[in-house]
Amino acid sequence: MFEVEKIREDFPLLGSQVHGKPLVYLDNGATAQKPRVVIDKINYLHTEMNANVHRGLHYMSEECTSEYEQARETVRRFINAASTREIVFTSGATASINLVAYSFGEAFIHEGDNVVITEMEHHSNIVPWQIICGRKRAQLRVIPFDDEGRLMVERLPELMDEKTRIVAVTGASNVLGTRPPVKDIIAQAHAMNIPVLVDGCQSVVHGEVDVIDLDCDFYAFSGHKIYGPTGIGVLYGKEKWLDSMPPFMGGGDMVATVNFLHTTYAELPLKFEAGTSNFIGAIGLASALQYVESLDIKGAHVHETELTDYATKKLSEIDGLRIYGTQPDKCSIVSFTVDGTHPYDIGMIIDKMGVAVRTGTHCAEPVMAHYGIKAMVRASFAMYNTFEEVDRLDMAVRKAVSMLR
């Protein structure tokens, strides 16, 4: 049995009350709570070991630099990258994807080229590609999904051609929970020598990631969705691509030499880490990943799947409730609407009962447009959630619906 109650003890905020009710936190797809080991590590760094990295010879700077680079190795091991040269720290997945769109786009996308994405992407994996395509006069092409939330991968061959420069796809939809067949997409793209970027924000949390096995060219994720700090993220990139891409930003730490005639850049990965890095965030992220590694990861994923199945069954029994995204092996997200109600109203009412969910477009307006709606309610589960909390969600939604109708 997965020891969820024992794990909950590691997360201080889960014992909170909201509006006089015990908190049921089901907004993990937006940000996950932090275990005590991460909080303690960050507090320690702020109070006893706060010094800039890569810049000083004094004790604290050298210690922070050592921990920062050890954090890079922790990330490398966690996703099974070939080298720490392929691990770039950013401010989050949004920054990671923007980095690739800008730097890869500057080097390899030209007028008349095209970029392929999917209809179920988060805005962070849409807008950066729109910007570079607009600047380079390239075309953005979209793989659609069907009403069950299945990505129509059979359309991919007709969307890729000799002018396709990159494919960008989510590892798991933050609205539908769908896990596209990423490995198959990568294989098809590579058969035409097209690189692939994977937005791993949701997939890295709900399944083990092996970038060598996937053979993806880029993989992006955020620390705060995998029990780490906010403001820190990771870009994995194959060394051959990172070597060939120009820097995203200029400044300190990303240079080797600077004069008014010419600047040479630092070796990977520092070429893409301009300015003072979020070293405390990176070290905190490493603590989060080490915490996850210390658990029964497979058991956690089974538990999350069982929670999702249970919530789907319970909520489906509510009259007029529709769940969006019904693919097998979806990650632990249940998004829904209820006839005769507005998602915002449901979210506000159940919040008064201590249940925290997300309402709105979830930064995926094209998904809303697909179904002809303006918003959804989203409950997203983490390994520390319980079946009792699903029951409280179900009861709260039923009460909200009865009040609104």
Side-chain angles (χ1 to χ4, degrees), residues 30-32 38 42 52-54 64-65 67-76 78-79 81 83-107 121-129 131-132 166 168 170-171 174 195 197-205 209 211 216-239 241-243 245-255 265-289 363:
T31 196
V38 172
I42 293 170
N52 212 333
V53 298
H54 299 151
C64 278
T65 298
E67 288 214 40
Y68 181 70
E69 294 303 332
Q70 287 172 24
R72 201 187 306 276
E73 166 59 22
T74 298
V75 174
R76 183 210 66 77
F78 192 82
I79 63 172
S83 166
T84 53
R85 288 169 59 85
E86 300 179 322
I87 304 299
V88 178
F89 285 121
T90 69
S91 64
T94 298
S96 297
I97 296 169
N98 273 272
L99 188 162
V100 177
Y102 177 85
S103 296
F104 179 91
E106 281 297 303
E121 298 304 318
H122 188 282
H123 293 167
S124 295
N125 206 23
I126 299 175
V127 180
W129 301 112
I131 291 172
I132 191 68
I166 192 167
T170 183
N174 73 309
L197 175 142
V198 178
D199 175 0
C201 269
Q202 301 299 329
S203 54
V204 75
V205 188
V209 173
V211 293
C216 58
D217 300 274
F218 303 99
Y219 192 96
F221 69 94
S222 295
H224 68 104
K225 295 184 190 296
I226 190 164
Y227 315 110
T230 54
I232 189 69
V234 170
L235 172 65
Y236 158 80
K238 284 183 178 177
E239 191 169 336
W241 290 116
L242 295 180
D243 260 337
M245 289 159 49
F248 179 40
M249 296 190 296
D253 222 25
M254 52 75 66
V255 293
Y265 304 128
E267 292 291 313
L268 293 176
L270 297 185
K271 182 174 81 169
F272 293 104
E273 293 183 5
T276 297
S277 61
N278 182 4
F279 56 90
I280 289 179
I283 297 167
L285 172 58
S287 293
L289 298 183
C363 294

Decide yes or no for [X] and [Y]: does some side-chain heavy atom of the first lie under 4.5 Å from some side-chain heavy atom of the second?
{"X": "L268", "Y": "E86", "value": "no"}
{"X": "F272", "Y": "T90", "value": "no"}
{"X": "Y219", "Y": "L197", "value": "no"}
{"X": "I166", "Y": "F104", "value": "yes"}
{"X": "E267", "Y": "Y265", "value": "no"}
{"X": "V198", "Y": "V209", "value": "no"}
{"X": "F218", "Y": "S96", "value": "no"}
{"X": "V234", "Y": "F78", "value": "no"}

Any sub-3.5 Å donor-acceptor pair from [X]'s side-chain atoms to [Y]'s backbone N or O?
{"X": "T31", "Y": "H224", "result": "yes"}
{"X": "R85", "Y": "E239", "result": "no"}
{"X": "N125", "Y": "D199", "result": "no"}
{"X": "K225", "Y": "V204", "result": "no"}

Of the non-hydrogen atoms in L285 and P229, which two are nearest, and what is the gap between them?
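Heavy atoms of L285 and P229 come nearest at N-CD, 3.5 Å.
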Looking at every non-hydrogen atom in both residues, tell me the closest pair between W129 and A168 and how far apart they are.
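So the two residues come closest at NE1-CB, 3.5 Å.
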Ring centre gap for F279 and Y68 strictly below 6.0 Å
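So the answer is no for these two rings.
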Sole residue of N174, T170, I97 in side chain to side chain contact (heavy atoms under 4.5 Å, CB included) with E121:
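With E121 as partner, side chain to side chain contact (heavy atoms under 4.5 Å, CB included) holds for just one option, T170.
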Which residues share a salt bridge (charged side-chain N to carboxylate O under 4.0 Å, His left out) with R76, sequence neighbours left out
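R76: salt bridge (charged side-chain N to carboxylate O under 4.0 Å, His left out) contacts with E73.
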I'd like to know if the side chain of H54 pairs up with that of D253 as donor and acceptor (distance under 3.5 Å, no hydrogens or angles considered).
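Present: a donor and an acceptor within the cut-off.
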